[in-house]
Amino acid sequence: MRSDDRLQRRRHSLAHLLGAALVDMYPGTKLAIGPATDDGFYYDALLPSPLSVDDLPVIEQKMRDIAPAWTLFDRRVISVNEARDLFANNPYKLELIDQIEKEGSDLSLYTSGDFTDLCGGGHADSLQEVCMDGFTLRSVAGAYWRGDEKNDMLTRVYGLAFDSREDLESHVQMLEEAKKRDHRTLGKKLGLFSFSPLVGPGLPLFTPRGTALRHAIEQALSVLLDRHGYERIWIPHLAKQDLYEQSGHWDKFGDELFSVQGRHDSFVLKPMNCPHHTQVYASSPKSYHDLPVRYAEQTTVYRDEQKGELLGLTRVLSLTQDDGHIFCTPDQIEDEVASTISFIETWYRALGFFKGDDCTILLSTRGGDREKYLGDDATWQHAEQVLADALRKKGLSFSEEPGEAAFYGPKIDFHFKDSIGRTWQLATIQLDFVMPERFSLTYVDTDGKKKTPVMIHRAVTGSIERFLGIMIEHFAGVFPFFLAPLQVRVLPINPDAHAYAHEVLATLRSHGIRADADLAHEPIGKRVAKAYAEHLPYRVVVGSKEAERRSVTLEHGESKEVISLADCCERFARENDVFS
RNA sequence: GCCACCUUAGCUCAGUCGGUAGAGCACUCCCAUGGUAAGGGAGAGGUCGUCGGUUCAAAUCCGACAGGUGGCUCCA
């Protein structure tokens with residue numbers, strides 16, 4: 001048995017112990033299920049009265065009190081009828097019994113101490129092998145029976161469990177680190193964005209600092225867009241409902257669309273840009289000479305998410321996409337996909353990713369069930385082949401996910417692991433054989449006949465808001481130079497140096513550096529401390545010595561060097577140019 | 001949307017038993033004119049999320065609403 005499995009068994013055993021404690025302390029409790037999780041266990045139960053986090057230490061103590069009597073997990077197979085009798089007043093267990101009967105599996109009971117639960121097994125031999133210092137109850141939350149919002153809301157008690165106190169403590173430490181670098185906390189501390197109840201939840205407002213950060217990302221992406229031959233377009237944020245009826249999104253997105261009633265027509269706030277972009281393509285006749293056509297736009301879309309699902313910047317109602325659509329011939333797919341992969345690779349390498357195993361690439365293909373997908377076999381086969389070849393030529397390893405493709409075409413997704421080990425899906429490249437058809441897009445081919453182009457949807461960051469949230473947490477607010485909302489702070493030693501400080505600031509700004517100056521009547525030490533607290537990449541300190549020689553003291557963390565103002569500007573410009 | 005919890009100054013938080021509100025940081029002013037991780041002093045800042053109820057009296061107790069936080073099929 002792998003040690004992981006053993007740990008999972010111990011966690012599941014602790015779930016039983018938690019169930020026993022709940023039943024013991026709160027008579028009338030109806031237990032539902034209690035599985036192991038990645039970092040511990042939980043038990044879902046319908047309790048006679050609400051629980052609060054203050055109850056957790058008491059429940060935990062109860063678990064420790066019961067534990068010594070649990071010397072083994074005694075298994076007994078019983079009949080369906082016996083099981084129904086035993087759990088007659090527990091609707092959840094009865095539902096499970098029905099399900100198991102349908103599956104034709106054995107029904108088993110496990111008993112420890114004086115607690116018996118319906119369970120399929122997977123326990124430790126006894127609780128004596130479970131580290132009692134390695135677990136703790138973490139939180140209490142609501143959870144629907146079987147995760148379905150139409151069912152009862154149960155109370156879920158979460159526990160953390162490891163094989164030693166040290167493992168538990170280091171896990172708790174990781175959770176604390178994640179909490180410390182939470183983008184909502186850092187966003188407030190660094191003054192990047194805020195929410196106003198009057199504007200509405202899920203609608204982030206970006207401050208000057210936060211906007212500088214967004215612009216830094218947009219500008220850097222813009223450099224790569226130019227390099228890869230994109231043209232910029234602009235579309236309004238509304239469209240008639242008819243647009244989305246024709247695209248199929250009206251049926252599919254349903255209540256996630258924001259409707260706007262005009263005087264004569266019904267409008268929808270755009271939840272995506274593809275339909276608009278097809279209409280830009282359709283605005284003039286195209287021949288094969290014109291293809292590929294590459295449109296790019298940084299633009300905001302609006303989706304009416306469920307309120308409870310909103311979360312800081314990672315789940316919002318208004319999100320900005322670094323959207324791009326390529327219209328090309330089937331023959332051009334390969335080059336376009338290769339170029340898009342390079343784009344994504346260049347971008348994420350500049351941010352320090354693509355090192356070791358921090359990037360996972362998934363190729364989603366059609367798989368066996370062809371009914372679900374639109375488009376002809378030849379196109380699909382060609383496209384899937386081309387995507388795989390493009391990745392191989394780049395020397396990127398990937399795993400194929402059959403049956404995971406969108407109904408309109410295969411896709412490549414890029415997942416990245418952040419600095420504390422969490423994985424995020426960020427970039428995506430999707431082929432689309434359906435939308436060009438729906439909007440009757442054409443180009444005139446070499447044979448003079450009208451053909452339908454292939455559409456490639458691609459996003460590098462996904463949504464700027466979500467990407468920002470992830471980067472804030474990944475860098476813990478300490479951004480690389482080219483992203484830092486404020487890159488340099490000019491610090492005059494004393495008021496005599498103010499005039500030179502102004503001059504230095506103006507020079508830096510004229511070189512495109514995001515800089516400010518701290519002219520407060522405060523000791524240099526205090527102003528340096530503030531610069532540290534704001535995670536400024538560089539400090540430029542000037543006094544009478546620097547003013548005389550037209551130099552600056554350039555400081556980065558603990559390091560200092562005196563260089564000429566001109567050299568300083570040149571160095572910053574070089575550091576800003578991340579893609580060369 | 002649903003369940004639990006939370007909401008006191010711009011921020012982080014204290015506030016005992018129901019008796020009309022406090023700290024640190026930030027802010028403003030004065031002093032200190034400085035060479036590297038927070039110099040000294042003074043001042044200003046609050047309908048205690050909103051609305052209603054109980055009470056002689058509510059930040060405190062009760063209710064509704066708003067906003068926020070943790071969760072919402074790892075399966076008996």
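Chain identifiers are assigned alphabetically (A, B, ...) following the order of the sequence lines, protein sequences preceding nucleic acid strands; residue numbering begins at 1 within each chain. Just the heavy atoms: all of them, side chains too, but no hydrogens, waters or symmetry mates, feed the values below.
When the options A:W145, A:F87, A:Y43, A:Y144 are evaluated for a ring pair (Phe, Tyr, Trp, His ring centres under 6.0 Å) with A:Y92, the one that passes is A:W145.
Counting only heavy atoms from C-beta on, A:M153 has its side chain closest to B:rC3 among B:rU73, B:rC3, B:rG70. Comparing B:rG67, B:rA38, B:rA32 against the side chain of A:P201 picks out B:rG67 as the nearest. Checking B:rG70, B:rU36, B:rA76 against every side-chain atom of A:V528, the shortest atom distance belongs to B:rU36. For A:V541, counting side-chain heavy atoms from C-beta on, the closest listed nucleotide (B:rA37, B:rG35, B:rA76) is B:rG35. Checking B:rA76, B:rC74, B:rU36 against every side-chain atom of A:D38, the shortest atom distance belongs to B:rC74. Set against B:rU36, B:rU33, B:rA76, the side chain of A:I33 has B:rA76 as its closest nucleotide.
Of the side-chain N and O atoms in A:R184, one or more sit less than 4.0 angstrom from OP1 or OP2 of B:rU69. Contact annotation: A:Y158 side-chain N/O to B:rC72 OP1/OP2 distance is under 4.0 Å. Here A:K545 does not reach the OP1 or OP2 of B:rG35: none of its side-chain N or O atoms lies under 4.0 Å away. Under 4.0 angstrom from either OP1 or OP2 of B:rU36 there lies no side-chain N or O belonging to A:K530. Not one side-chain nitrogen or oxygen of A:K188 sits closer than 4.0 Å to the OP1 or OP2 atom of B:rG10.
The pairing partner recorded for B:rC65 is B:rG49, the criterion being a Watson-Crick or G-U wobble arrangement whose two distances lie under 3.5 angstrom. Figure legend. B:rU54 is base-paired to no nucleotide; pairs are counted as Watson-Crick or G-U wobble with both atom distances under 3.5 Å. Under the Watson-Crick and G-U wobble criteria, each requiring two contacts below 3.5 Å, nucleotide B:rU33 is left unpaired. With a 3.5 Å ceiling on both atom-pair distances, B:rA38 lacks any Watson-Crick or G-U wobble partner. Searching all strands for a Watson-Crick or G-U wobble partner of B:rC27 with both distances below 3.5 Å returns B:rG43. Judged by Watson-Crick or G-U wobble contacts below 3.5 Å, the nucleotide B:rC13 has B:rG22 as its partner.
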Legend entry - Pair A:L109-A:D117, side chain to side chain contact (heavy atoms under 4.5 Å, CB included): steps then yes or no: CA-CA 6 Å; A:L109 292 179; A:D117 201 3; over 6 Å; no

Inset, instruction - Applying ring-ring contact (aromatic ring centres under 6.0 Å, His included), run through A:Y42 and A:Y158 and close with a yes or a no. - result: CA-CA 4 Å; A:Y42 67 78; A:Y158 277 101; 5.6 Å; yes

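Interface remark: the A:Y144 side chain does form a donor-acceptor pair with the B:rG1 base, using a distance-only criterion of under 3.5 Å. For B:rG40, its base never sits under 3.5 Å from the side chain of A:E522 at any donor and acceptor pair.
The environment of A:R549 atom CZ is sparse: at most 12 non-hydrogen atoms of other residues, nucleotides or ligands sit within 6.0 angstrom.
Looking at A:R6 and A:D163, no side-chain N of the basic residue comes within less than 4.0 Å of a carboxylate O on the acidic one, giving no salt bridge.
Within the nucleic acid shown, A:P523 comes within 4.0 Å of at least one base atom, counting heavy atoms only.
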